[in-house]
Structures are given as C-alpha cells and as structure tokens.
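A short worksheet on the structure shown next.
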Amino acid sequence: MAGSDSLADILERVLDKGVVIVGDIGVSVVDVELLTLRIRLFIASAQTAREMGMDWWSNDPYFSSKAPRVELDKTDELVNENFELRSRIAELEAALVPQTRAEGLSQP
Amino acid sequence: MSDRKGLCAYVITRHGDLELGPPLRLIGHRRIGLVVAEVDPARFEAIDTDGPADGDLVELARTHDAVTREVFRCAPVLPLRFGTVLADEAAAVTLLKAAYDQALSFLDELDGHREWGVRLCLAKPKDESEEHSGLTGTEYLLRRRERLAGVRRAQEDAARAVDRLHGRLLAHATRSVERSSGRHASAEHAYLVAVDREPLFHNEIDRLAGELAAGGITVERTGPWPPYSFVDIELEARAHA
C-alpha cells in the first residue's frame with residue numbers, strides 16, 4: 001500500500017492539516033480554506049474531463065505518470081449527475097451542429 | 001517573482017540526529033528545531049485562487065509532503081500548516097522559544113507512531129454505458145433514479161461495515177480521528193498507531209477486508225503518513241512576550 005497514496009490524498013492532508021502559528025512574529029500564511037476548496041473543485045472537474053475522454057492533465061508535468069492517478073468514487077452523486085447531463089447535452093448538440101461540436105470536443 | 005526572502009517552515013522536530021541537505025536547514029533551540037528553506041513569499045501569495053487549478057500549488061504541496069517525510073524518517077515531527085512563511089531566523093527562534101514546552105510535549109506523544117488512513121469503497125457500479133438514444137426524457141430520469149437508489153442502499157451497507165471495522169481497529173491504535181472527504185462511499189478514519197502495534201493493526205484490516213470483499217466492498221489503506229491528522233494545534237508566538 002505504501003507508495004500508492006494518490007495525489008488527492010496528499011493534497012487533502014497537506015492543505016487541510018498542520019500546526020497553526022498564531023501571533024505577530026512575522027508569519028504569513030496562505031489562505032488555506034480557499035485553497036482546499038479549489039483543490040476539491042479541481043478534482044471534481046478532472047473526473048468529469050477524464051470520463052469524457054479529455055484527460056488534459058496527463059501531459060501536464062505536475063500530473064504526469066509519475067504521480068499516481070487521482071482516485072475518485074463514481075458514486076459521488078454530483079459528479080455522476082454532472083457527467084451524465086454533460087454527455088446528454090453533448091449528444092444533443094452533436095446532432096444539431098455536427099461539425100462545430102466535434103471540433104470543440106476533440107481539443108486536448 | 002520578487003526579491004523578497006522568507007523562510008518556509010515545514011515542521012518542528014527534535015534536535016539531534018538530523019542530516020539535512022540544502023536547501024533545507026534546521027534552526028535549533030535547546031532540544032527542538034524548525035526545518036526551513038529559503039523561499040520567495042510571492043510564490044505562495046501568487047497562487048491564483050480564482051483561476052484554473054494552479055500547477056505551482058501542487059508542486060509546493062508535494063514539496064511540503066516530501067520534506068515532512070524526509071524529516072519523519074529520522075525523528076518525530078509536528079507538521080506545520082502549508083504556507084507557513086517566517087520573516088527570518090529571528091522569527092524562527094522566537095517561535096521555538098514561545099512554543100517550547102508545548103512542542104516538546106507533543107513530539108514526545110507522537111514519537112514511535114505513524115498515521116494510517118482507512119476507508120471503504122463500494123465496488124464500481126455495473127457498466128453504465130447504457131444507450132441514451134431512444135430513451136424519452138422520463139425514461140432516462142426514472143432509470144437514473146433507480147440507479148441512485150441502489151447506490152444509496154450500498155452506501156448504507158458500507159457505513160455499517162465502517163463501524164464494525166473502526167471498532168476493531170481502535171483496539172490497536174493510540175488515537176483516531178474521522179476524516180470525511182466526501183469523495184468516497186464512507187468516511188475515512190485516520191489512526192495513530194504505535195510502530196510495534198502495526199502488525200496487529202494490519203492483520204485486523206486484512207481479516208475484515210476478506211469478509212467485506214464478498215459484498216463488493218473494498219478496504220482502502222493509505223500510509224504510512226507523518227501524523228498530519230493528529231496535530232490539530234495552535235502554537236502562539238508573539239514578537240514581544
């Protein structure tokens with residue numbers, strides 16, 4: 001099991017935890033609440049993108065094959081619903097304007 | 001970026017047998033020390049919280065984890081919050097002096113332990129590549145609702161399994177805390193386990209994992225981790241005490 005900790009697991013611990021220094025000794029700390037939220041949103045959108053065949057991040061050096069894949073639970077209702085609705089929209093739009101939509105979807 | 005310099009502080013640890021290579025160094029005070037590296041504070045301030053996910057954030061977070069683990073190989077650690085940047089070495093010493101007794105006490109408690117994460121995951125649902133074409137809107141929604149109801153039932157089963165497993169694992173852990181990420185079927189628990197209890201702890205997981213596999217539930221284990229989930233602490237440090 002060691003070594004299989006996903007990027008998401010690492011980010012959730014690093015960004016969400018740790019000793020907090022309070023005081024005026026010249027400490028500056030990044031706004032971690034905002035960062036944690038952004039990471040969660042990113043992970044949700046990454047799942048949607050992968051299921052639509054758009055794994056745009058696999059060429060990104062920060063998410064290369066050296067990093068374990070982000071594991072997401074398919075039973076997350078919101079993510080499923082998002083994917084299904086987007087698939088449905090994509091199909092309906094493809095039927096309407098085949099040329100334009102096909103180009104849009106195949107962009108890396 | 002800018003020309004400003006700050007000290008990114010990663011962990012508090014016990015002074016002693018640490019060998020750190022550049023850019024890391026230890027600023028010590030009596031029996032404890034702060035592991036730092038020089039950094040441009042703008043790297044943290046520039047993290048764009050409105051735009052798309054920032055690659056720099058991930059790199060900084062990975063570095064934070066890598067440094068924490070590096071120190072953790074040799075000594076107990078108190079991981080600091082990501083993005084803790086001190087002005088200079090004087091600030092680091094002020095911090096260590098102010099937090100001395102608390103920090104030493106926590107380090108002694110954590111010594112000899114590692115963190116493990118345990119969560120349960122449902123088996124992936126059956127192939128969902130059903131035909132969307134040819135379904136009316138109503139049929140589509142009804143089918144989806146049935147599927148979600150099935151998922152909910154499975155989640156309730158998983159929740160009961162979590163309770164069973166948790167009860168057994170507590171016997172082998174010094175502390176535990178629930179971490180819910182919302183991404184998985186069940187909450188994740190983090191356990192602080194003494195290194196010499198780890199074999200018993202993992203045997204317990206393996207045993208129950210075998211029983212749960214029959215019901216399509218997998219037990220996922222992550223770790224070992226430095227004790228990230230067990231340092232829910234504030235340390236106070238004032239410039240003029």
Side-chain angles (χ1 to χ4, degrees), chain A residues 1-2 4-32 34-47 57 60-63 67 70-81 83-84 87-88 91-92 95, chain B residues 6 9 12 41 44-45 47 49 52-55 57-59 61-62 64-65 68 78-88 91 94-95 98 117 121-122 124-125 132-133 140 144 148 151 154-155 179 181-185 221-225 228-229 231-239:
Chain A
M1 290 287 167
S4 68
D5 304 330
S6 72
L7 175 61
D9 289 318
I10 293 173
L11 291 175
E12 279 181 347
R13 275 174 170 78
V14 168
L15 296 181
D16 201 27
K17 300 290 171 190
V19 172
V20 173
I21 311 292
V22 296
D24 58 1
I25 55 163
V27 180
S28 76
V29 180
V30 166
D31 189 336
V32 177
L34 271 177
L35 286 182
T36 306
L37 173 63
R38 279 196 47 246
I39 286 293
R40 290 180 203 281
L41 290 173
F42 165 67
I43 289 170
S45 70
Q47 165 75 340
W57 72 88
D60 186 309
Y62 297 111
F63 305 113
V70 176
E71 288 283 310
L72 291 161
D73 185 8
K74 287 190 87 167
T75 60
D76 183 322
E77 280 190 26
L78 278 175
V79 172
N80 270 348
E81 188 173 298
F83 164 62
E84 283 163 344
S87 302
R88 192 80 179 114
E91 281 169 316
L92 292 170
Chain B
I12 296 175
F44 286 94
E45 291 156 8
I47 292 174
T49 53
D54 198 286
L57 168 63
V58 172
E59 185 194 340
R62 279 186 170 280
H64 187 101
D65 182 57
T68 303
L78 293 182
L80 296 182
R81 197 41 103 84
F82 172 78
T84 301
V85 178
L86 305 182
D88 51 29
T94 303
L95 168 61
C121 287
L122 302 179
K124 295 194 190 298
H132 291 297
S133 62
Y140 176 80
R144 198 174 68 88
L148 287 176
V151 163
Q155 284 177 339
R179 304 169 41 88
S181 68
R183 291 189 292 118
H184 298 270
R221 195 173 352 198
T222 63
W225 299 93
Y228 287 116
S229 305
V231 290
D232 196 9
I233 308 159
E234 273 184 11
L235 293 178
E236 198 171 304
R238 306 227 165 261

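Proteins come first, then strands; the chains are lettered A, B, ... in the order of their sequence lines, and each starts at number 1.
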B:D232 versus chain A, heavy atoms under 4.5 Å apart: side chain, backbone, both or neither?
->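 No part of B:D232 comes within 4.5 Å of chain A.
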Given the options B:I12, B:T68, B:L80, which has more heavy-atom pairs under 4.5 Å with chain A than any of the others?
->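 Between B:I12, B:T68, B:L80, the count favours B:L80.
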Between chain A and each of B:P79, B:A9, B:G6, count heavy-atom pairs under 4.5 Å; write down the option with the most.
->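 Result: the option with the highest number of such pairs is B:P79.
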[atom1]-[atom2] distance between [X] and [Y], expressed to the nearest 0.5 angstrom:
X: A:I10; Y: B:D65; atom1: CD1; atom2: CG; answer: 5.0 Å
X: B:Y228; Y: A:R13; atom1: OH; atom2: CZ; answer: 9.0 Å
X: B:R62; Y: A:L11; atom1: CZ; atom2: CG; answer: 7.5 Å
X: A:I21; Y: B:T84; atom1: CD1; atom2: OG1; answer: 6.0 Å

Would you say B:R81 and A:K17 make side-chain contact, with heavy atoms under 4.5 Å?
->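 Answer no - side chains too far apart.
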